[in-house]
Q: 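I'd like to ask you about the structure that follows.
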Amino acid sequence: MIIRAQNISKVYNLNTEAEFFGIRDVSLEINKGELIAIVGPSGAGKTTLFNILGTLDTPTFGQIEIKNKNILSMDANEKSKLRNKVIGFIFQQFRLIPTLSALDNALLPLLVSEEGVDSPRKEKVIHLFETYGLKNQLTKYPSQLSGGEQQRVAIIRALVNDPDIILADEPTGSLDSKMSEYVFDTLQQIHKNNGKTVIYITHNLNLVEKANRVIKIEDGRVISDETCLC
Ligand code: ADP
Ligand code: ADP
């Protein structure tokens, strides 16, 4: 098991009149290598859950373990180290830095890490650009790339530290259907070829169908959690 969440709730504005459960009493066991879609209407609690699974936020109640480590007993620094090593994030709005080339954007996690960028690491990233059909885009700036290409660069950036888990919050939410397929293909390959655990929020029914497991959230609760036998 790579993630275990036990009875987690997130309460916004605790003990005030505006108190509100973003998620309520959610328990999940996630195994290595799963490809999971998180679905549900707007306001259901998907991003709240995403932030907690990604250690970007802490639950108000409950326990969460990632790779057998209790997240709630960690300080901010320990969490940030764990996050950088174990989790790669992908967001709807790509979040590339406009003044850096595609390659430098992808290298950013290495540039800011203690290890730095050496040439084997750089070669590995260039190889990822080749694998994902971006070898002619290395020196281009984000504004010179299509949305799908930008998101692929963001996916490579998420892979640079070789994380066990990829968390994607509506990774195709700003792309048309053709570009969505193009980007999702990459996520599927990462899941298949590298054995990564991939968890993505989506509203796109075509992409929901491609998951091995679908977790439905409504009003902060898990209302169904189905693993397909495919
Ligand atoms: P989803 O991602 O499914 O759209 P969210 O997790 O973003 O849902 O939000 C779940 C609920 O929690 C929503 O009703 C939202 O308004 C509320 N919420 C989210 N963040 C905050 C916050 N920082 N303070 C108060 N309420 C919040
Ligand atoms: P939405 O689903 O509403 O589009 P985003 O996917 O843009 O939201 O962001 C999800 C949440 O993750 C936001 O609350 C954002 O502040 C937080 N976040 C994104 N990147 C980081 C990061 N590197 N470190 C800490 N928090 C982050």
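Counting starts at 1 for both ligands and their atoms, in listed order.
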Q: Within a 6.0 Å radius of atom CG on N68, are there more than 12 heavy atoms belonging to other residues, nucleotides or ligands?
A: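 12 or below, so no.
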
Q: Give a yes or no on whether F89 and M74 share a hydrophobic cluster (residues Ile, Leu, Val, Met, Phe, Trp, Tyr; joining criterion: side-chain heavy atoms under 4.5 Å apart).
A: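 As far as the 4.5 Å side-chain criterion goes, M74 and F89 are connected within one cluster.
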
Q: Indicate yes or no: does an N/O atom of A44 lie under 3.5 Å from an N/O atom of ligand 1?
A: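 Yes, since at least one N or O of A44 sits under 3.5 Å from an N or O of ligand 1.
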
Q: May I ask which of T48, D219, T47, N51 has a heavy atom nearer to atom 2 (O) of ligand 1 than the others do?
A: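 When every heavy atom of T48, D219, T47, N51 is considered, T47 comes closest to atom 2 (O) of ligand 1.
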
Q: Are T48 and Y12 close enough that a side-chain donor and a side-chain acceptor fall under 3.5 Å?
A: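 Result is yes, a qualifying pair exists.
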
Q: Examine the side chains of K192 and Q189 and answer whether a donor and an acceptor come within less than 3.5 Å of each other.
A: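 Distance-only check fails for K192 and Q189.
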
Q: With respect to N13, determine whether any N or O atom, backbone or side chain, lies less than 3.5 Å from an N or O atom of ligand 1.
A: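 Checking ligand 1 against N13, no N or O pair falls under 3.5 Å apart.
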
Q: Charged N to carboxylate O under 4.0 angstrom, E29 versus R4?
A: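 Looking at R4 together with E29, the answer is yes, because their closest N to O distance falls below 4.0 Å.
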
Q: Before you tell me yes or no, could you show the steps for E170 and F91 under side chain to side chain contact (heavy atoms under 4.5 Å, CB included), namely the whole-Å CA-CA distance, both residues' side-chain angles and the distance that decides it to 0.1 Å?
A: CA-CA 6 Å; E170 302 207 33; F91 297 100; over 6 Å; no

Q: Using a 4.0 Å heavy-atom threshold (strictly under), name the region of F20 that reaches ligand 1: side chain, backbone, both or neither.
A: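 The answer is the side chain.
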
Q: Counting each atom of ligand 1 from 1 as listed, which ones have a heavy atom of P41 under 4.0 Å away?
A: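 Here the atoms of ligand 1 in question are 3 (O).
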
Q: Return a yes/no value for G43: is any of its N or O atoms, backbone included, closer than 3.5 angstrom to an N or O of ligand 1?
A: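 The answer is yes, given that G43 and ligand 1 share an N or O pair closer than 3.5 Å.
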
Q: Sort out for me which residue in L35, I87, L187, I199 forms a side chain to side chain contact (heavy atoms under 4.5 Å, CB included) with I166.
A: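 The option that passes is L187.
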
Q: Consider every N or O of G45 and every N or O of ligand 1, then say whether any pair is closer than 3.5 Å.
A: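 The answer is yes, given that G45 and ligand 1 share an N or O pair closer than 3.5 Å.
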
Q: Examine ligand 1 and decide if any of its atoms is less than 4.0 Å from a heavy atom belonging to A18.
A: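 A18: no contact with ligand 1 (<4.0 Å).
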
Q: Only heavy atoms of S42, strictly under 4.0 Å: list the atoms of ligand 1 that pass.
A: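 The list of qualifying atoms is 4 (O).
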
